[in-house]
Every structure is written in C-alpha cells, then in structure tokens.
**Q** 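Handing you a structure now.
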Amino acid sequence: MVPCMPDIKIKTDHPVKTQAELAPGECLVKLECTGVCHTDLHAALGDWPVAANTPLIGGHEGVGIIVAIGNNTGHCPVKLGDRIGIKWLADSCLNCEHCRKGREQSALLPRGQTQRVTVDGTFAQYVVSYVNHVTPIPEGFDSNAAASILCAGVTTYRAIKYSNTAAGDWIVLPGAGGGLGHLAVQYARTCGLRVIAIDTGAAKKKLCLSLGAEAWIDFKESKVKYRQRDQSPHGGEGAHAAVITATSGAGYEQAVSYLRAGGTLMAVGLPGTATFDSSIFFTVFKSINIHGSYVGNRQDAVEALDIAARGDVKCHFELKELGDLESTYEGMQNGTVAGRVVLNMKD
C-alpha cells in the first residue's frame, strides 16, 4: 500500500536567525538551490523506524553562500562569502569513537544532527548549518549540478569505494535509473567497473546505457537468470558486487543469488519496514560479504564532489521551483523520476 502524501506547507514568514543569534560553530547560509532526495519523502511520511522531529523544514542537498558566522567560532574552516554544500549529516561531535574512525555519519544522537530529522533543512532561502560539516563546492562547478552530489553522489561513491572491487570487475546496480542509481553507474565507471543496470522503463534504460552500463535488465520484463552461463554478461559466475540503491525490499531479495563466490553486497537503499531475507546457507557457502553503507563522511563528500567537478560524473536533473515539491514527491512514489530533481531557491 502506498502511503498518503505528506501535508506540505510553504511559508513566507518563517523567522531567520540574525548573526547575533547564531551559536558558536553555526553559520547562516543563503541557498541557491537544493536537491530533492527520497530520504526527504521518507522523513515527511514518517515511514522509517527513526521518525523525524516534525514539524521541520525538509531538504539536505543545499548549495549556497555563507552570509554569517556565529560569534566565538574557533578554528573556523570557512569564511563569509564561501560557497558551500549542506549534507544529510548537519553536525557531529567529532570526538566519539565513530567520528574518530571516520564514521561521523553513524554517530548516535544526541552527538549527531541530521537535516530534516532533527534540524531544519534546505527547502528554505536561509538555512542555519555548522561550520565543521559544510563542504566547500569546487570553483567552477555549477551549483545545480553539485546539489545532488551532496547526498546521492556521496552515498553511492562511498558504497562503491568500499565494495571490495577492482578495475574490470562486474557490479550490479538495482535501481540504476533513479536518483542514486544513475550516479552509481557513473562512479562505478570511473573506478573501471563493468556495470549491469537493473530498473524498468524505456527512459531509465536509455539513461543507464548512455552513462556506460554494459548490460540492462528490466525487472518487470526480463526472465534472465544471472547464473545462466549462456545468457549472463559476466559468464555465469555472478557479479563481484552489488550496490542496492532501490528503496523497496524487492531490490534485496535475490542479491545473494546473483553474486559470485566472495562477492560483496552493499546495502544502501532504505525501505522503511522491509526486512532482508536471504539464504543463510548460500551466504556462508559462497563467502558473501554484506555491508551496510550509510551516506558518507566529510572526506567522502570532498572526493565525490572533486570527481564530479572534473566532469567524470554528471547528475542528470530537472530544475524546478519549491512549489513543485508535492508533484516531485508524487513522481518519486510512482517511480517515474529518472535522475534527480533540483529546486531553485534564488529570489
């Protein structure tokens, strides 16, 4: 059953913090644009086990200019006028075990803050963020193109980075035509991986193949069995890795079956209540590695943006206005959004 659409309200009188009201470590950012992520829809629907502290302003893929910094902010890594990106992880302590090991995105509350779940996000003209977690946008990189790299790009890049693959290996990407998936195809290609794209629909097929996928499987039409040696592109051995970006449990169901021995499953997509049901026997028998990969840390963001800024990864997006958010959510629910949607937040 498809959840009911969230009640979306656009306000024109929301208060904006002055410079004097900013706490040490906070900065005020005037937004140019923001991406729309499926995570925003999950938070608005409240269909995740971790519920958002509503009501809140959504969004977590914002690009804008720093216009104010809180007093007594020591060792500030940014300055007024810098163009920066605001990510899913708004802030963290930087001192706990998770942060010290480069897993600040996994730091448990109250040490961590996330846009749209615990603090207001980027569907606004002015946003308060945190100087230690905003990410500089490379000079010359278009803001609209950079927006979705801050979550969709970082998330897929990190998953591929830790997928135990090497150049020439095969990687399977269920949900390859979606917002995360089409970026995963490109990041995989920059790593020298051979891509099998799984999704449905002519538009998504065209997109995936144009981005360098070597094989396409429409999950609504194809009856190809991955292990059939005469039909599968990887010779019947199975793929070396799979990055599951789909937001339904169905994307996980057969993952172990189409991985070769020693293969790695990177769990990325976050269906709200689905469970991961797979054969324990074949997981052990094939020495399958299963890793959960949650967005990315600050270094992952810098690397993902650098790759995209050089032109090796391009986000395919449609630019819309904030008033189009409800129809965008509807398209996400129906699975009809190919690529990404970016909202213009300029005056």
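Numbering of residues begins at 1 and proceeds along the displayed sequence.
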**Q** List the steps, then state whether side chain to side chain contact (heavy atoms under 4.5 Å, CB included) holds for K87 with L89.
**A** CA-CA 5 Å; K87 308 180 297 298; L89 182 65; 5.5 Å; no

**Q** Search all heavy atoms of V268 against all heavy atoms of A159 and return the closest pair with its distance.
**A**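 V268 and A159 have their closest heavy atoms at CG2-CB, 3.6 Å.
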
**Q** With no hydrogens and no angle check, is any side-chain donor or acceptor of T122 less than 3.5 Å from a backbone partner on H60?
**A**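 The answer is yes, because a donor-acceptor pair under 3.5 Å joins these two groups.
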
**Q** Hey, are the side chains of V128 and D120 touching, using non-hydrogen atoms and a 4.5 Å cut-off?
**A**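 A side-chain contact is absent here, since even the closest heavy-atom pair is not under 4.5 Å.
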
**Q** Do other residues, nucleotides or ligands put more than 12 heavy atoms under 6.0 Å from K320 NZ?
**A**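 Counting other residues, nucleotides and ligands, NZ of K320 exceeds 12 neighbours.
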
**Q** Which distance, rounded to the nearest 0.5 Å, do you find between the CZ of R310 and the OG1 of T190?
**A**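 Those atoms lie 8.5 Å apart.
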
**Q** I need the Y187 OH to I160 CD1 distance, nearest 0.5 Å.
**A**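 So the OH of Y187 and the CD1 of I160 are separated by 9.0 Å.
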
**Q** Between T200 and D218, does any side-chain donor sit less than 3.5 Å from a side-chain acceptor?
**A**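 Yes.
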
**Q** Determine, using the 4.5 Å side-chain heavy-atom cutoff (strictly less than), whether F219 and V185 are members of one ILVMFWY cluster.
**A**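 Looking at the clustering, V185 is in a separate group from F219.
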
**Q** Do H133 side-chain atoms and Y130 backbone N/O form a donor-acceptor pair below 3.5 Å?
**A**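 Not confirmed, H133 side chain does not pair with Y130 backbone.
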
**Q** Cut-off 3.5 Å, side chains only: do D347 and Q125 have a donor facing an acceptor?
**A**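 Checked: D347/Q125 side chains pair up, N/O donor to acceptor below 3.5 Å.
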
**Q** Rounded to the nearest 0.5 Å, how far does OH of Y162 lie from CG of N289?
**A**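 It is 15.5 Å, given to the nearest 0.5 Å.
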
**Q** Does the side chain of P174 reach to within under 4.5 Å of the side chain of T245, using non-hydrogen atoms?
**A**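 Sidechains of T245 and P174: no contact.
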
**Q** What closest approach, in Å, do S278 and T283 show between heavy atoms, and which atom pair accounts for it?
**A**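 Closest approach of S278 to T283, heavy atoms only: OG-OG1, 4.0 Å.
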
**Q** Quick check against the 3.5 Å criterion: does R260 have a side-chain atom that pairs as donor or acceptor with the backbone of G238?
**A**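 Indeed, once roles are kept as given, a pair shorter than 3.5 Å links the two residues.
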
**Q** Taking atom CZ of F317 and atom SG of C33, what is their separation to the nearest 0.5 Å?
**A**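 Here the interatomic distance stands at 8.0 Å.
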
**Q** Say you draw a straight line from SG of C315 to CD1 of I149; how long is it, rounded to the nearest 0.5 Å?
**A**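 One gets 5.5 Å once the value is rounded to the nearest 0.5 Å.
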
**Q** Within a reach of under 6.0 Å around CZ of F276, are more than 12 heavy atoms found that belong to other residues, nucleotides or ligands?
**A**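 Yes - once you tally the heavy atoms of other residues, nucleotides and ligands closer than 6.0 Å, there are more than 12.
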
**Q** Taking all heavy atoms of I84 and all of I137, pick out the closest pair and write down the distance.
**A**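 Smallest interatomic distance, heavy atoms only, reads C-CG1, 3.6 Å.
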
**Q** Between E61 and R340, does at least one N-O distance fall below 4.0 Å, as a salt bridge requires?
**A**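 R340 and E61: salt-bridged.
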
**Q** Given the rule in the side chain to side chain contact (heavy atoms under 4.5 Å, CB included) test, do N132 and L94 qualify, once you have shown the distances and angles that lead to the verdict?
**A** CA-CA 9 Å; N132 285 320; L94 302 181; 4.0 Å; yes

**Q** How are the rings of W88 and Y294 set to each other: parallel, tilted or perpendicular (split at 30° and 60°)?
**A**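 Ring orientation, 0 to 90° scale: perpendicular.
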
**Q** Could you tell me whether the side chain of V29 reaches within less than 4.5 Å of the side chain of I65, counting heavy atoms only?
**A**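 The answer is no, as the side chains (C-beta and beyond) never meet within the 4.5 Å cut-off.
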
**Q** If Ile, Leu, Val, Met, Phe, Trp and Tyr residues are connected whenever their side-chain heavy atoms lie under 4.5 Å apart, and connections chain through other members, are V341 and L319 in the same group?
**A**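 No.
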
**Q** In the single-linkage hydrophobic clustering (I, L, V, M, F, W, Y; side-chain heavy atoms under 4.5 Å), do L265 and L193 co-cluster?
**A**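 Unlinked, L265 and L193 end up in two clusters.
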
**Q** Can a donor-acceptor pair be found, under 3.5 Å and without considering hydrogens, that links the side chain of S210 to the backbone of L207?
**A**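 Confirmed, S210 side chain pairs with L207 backbone.
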
**Q** Side chains of E32 and S143: donor-acceptor distance under 3.5 Å anywhere?
**A**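 Their side chains do contain a donor-acceptor pair, which is all the 3.5 Å distance test asks for.
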
**Q** Run the side chain to side chain contact (heavy atoms under 4.5 Å, CB included) test on L325 and V36 for me, step by step, so that the C-alpha distance in whole Å, both residues' side-chain angles and the decisive distance to 0.1 Å come before the verdict.
**A** CA-CA 8 Å; L325 181 58; V36 183; 4.0 Å; yes

**Q** Is any side-chain heavy atom of K30 less than 4.5 Å from a side-chain heavy atom of V127?
**A**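 K30 does not reach V127 side chain to side chain.
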
**Q** When you measure from the side chain of D82 to the backbone of I66, do you find a donor-acceptor pair of N or O atoms at a distance under 3.5 Å?
**A**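 The answer is no, because no donor-acceptor pair under 3.5 Å joins these two groups.
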
**Q** Is L305 linked to L183 within one hydrophobic cluster, defined over Ile, Leu, Val, Met, Phe, Trp and Tyr using a side-chain heavy-atom separation of less than 4.5 Å?
**A**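 Result: yes, single cluster for both.
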
**Q** With R298 as reference, evaluate E104, E303, Q105 under the side chain to side chain donor-acceptor pair (under 3.5 Å) test and give the passing residue.
**A**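 For R298, the side chain to side chain donor-acceptor pair (under 3.5 Å) test succeeds with only one of E104, E303, Q105, which is E104.
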
**Q** How many angstroms lie between CG in L259 and OG1 in T264, if you round to the nearest 0.5 Å?
**A**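 Atom-to-atom, L259:CG and T264:OG1 are 7.5 Å apart.
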
**Q** Tell me whether N334 contacts the main-chain N or O of G331 through its side chain, where contact means a donor paired with an acceptor under 3.5 Å.
**A**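 Checking the backbone N and O of G331 against the side chain of N334, no donor-acceptor pair under 3.5 Å is found.
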
**Q** Where is the tightest heavy-atom contact between K286 and S257, given as atom of each residue plus distance?
**A**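 Minimum heavy-atom separation between K286 and S257: NZ-O, 3.6 Å.
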
**Q** Main chain of R189, side chain of R194: is a donor-acceptor contact present, judged purely on distance under 3.5 Å?
**A**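 It does not hold such a pair.
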
**Q** Donor-acceptor check, side chain of D169 to backbone of H240, threshold 3.5 angstrom: yes or no?
**A**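 Checked: no pair found.
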
**Q** Measure the shortest side-chain to side-chain distance between Y252 and T275 over non-hydrogen atoms and say whether it is less than 4.5 angstrom.
**A**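 Y252 does not reach T275 side chain to side chain.
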
**Q** Is I196 close to E214 at the side-chain level, that is, under 4.5 Å between some pair of heavy atoms?
**A**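 Contact flag for E214/I196 side chains = no.
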
**Q** Looking only at heavy atoms, what is the nearest atom pair of S293 and M266, with distance?
**A**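 Looking at all heavy atoms of both residues, the closest pair is CB-CE, 3.8 Å.
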
**Q** Set out, in order, the CA-CA distance, both residues' side-chain angles and the distance that settles salt bridge (charged side-chain N to carboxylate O under 4.0 Å, His left out) for K17 and E26, then state yes or no.
**A** CA-CA 11 Å; K17 276 190 177 183; E26 290 185 341; 3.2 Å; yes

**Q** Do the side chains of H14 and Y126 get nearer than 4.5 Å, heavy atoms only?
**A**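 Side-chain contact under 4.5 Å: no.
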
**Q** Report yes if some heavy atom in the side chain of I86 is under 4.5 Å from a heavy atom in the side chain of L150; otherwise report no.
**A**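 No - every pair of side-chain heavy atoms lies 4.5 Å or more apart.
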
**Q** Take V172 and I198 through the test side chain to side chain contact (heavy atoms under 4.5 Å, CB included) and record every step on the way to the result.
**A** CA-CA 7 Å; V172 177; I198 304 177; 3.4 Å; yes

**Q** May I ask you to decide whether D199 forms a salt bridge with K205, counting only side-chain N to carboxylate O separations under 4.0 Å?
**A**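 K205 and D199: not salt-bridged.
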
**Q** Taking atom types as modelled, is there a side-chain donor on Y258 or W170 under 3.5 Å from an acceptor on the other?
**A**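 No, W170 and Y258 have no side-chain donor paired with an acceptor closer than 3.5 Å.
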
**Q** Give me the ring orientation class for F281 and F285: parallel if the planes are under 30° apart, tilted from 30 to 60°, perpendicular past 60°.
**A**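 F281 vs F285 ring planes: parallel.
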
**Q** Please say yes or no: joined through hydrophobic side-chain contacts below 4.5 Å, possibly via intermediate residues, are I217 and I244 part of one cluster?
**A**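 Yes.
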
**Q** Verify, without hydrogens or angle tests, whether T73 (side chain) and G25 (backbone) share a donor-acceptor contact under 3.5 angstrom.
**A**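 Side chain of T73 to backbone of G25, a donor-acceptor pair under 3.5 Å: yes, one is there.
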
**Q** What's the shortest heavy-atom distance between V78 and I69, and which atoms?
**A**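 V78 and I69 have their closest heavy atoms at O-CD1, 3.9 Å.
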
**Q** Does N297 use its side chain to pair, donor to acceptor, with the backbone of G102 at less than 3.5 Å?
**A**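 Pair found, side chain donor or acceptor close to backbone of G102.
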
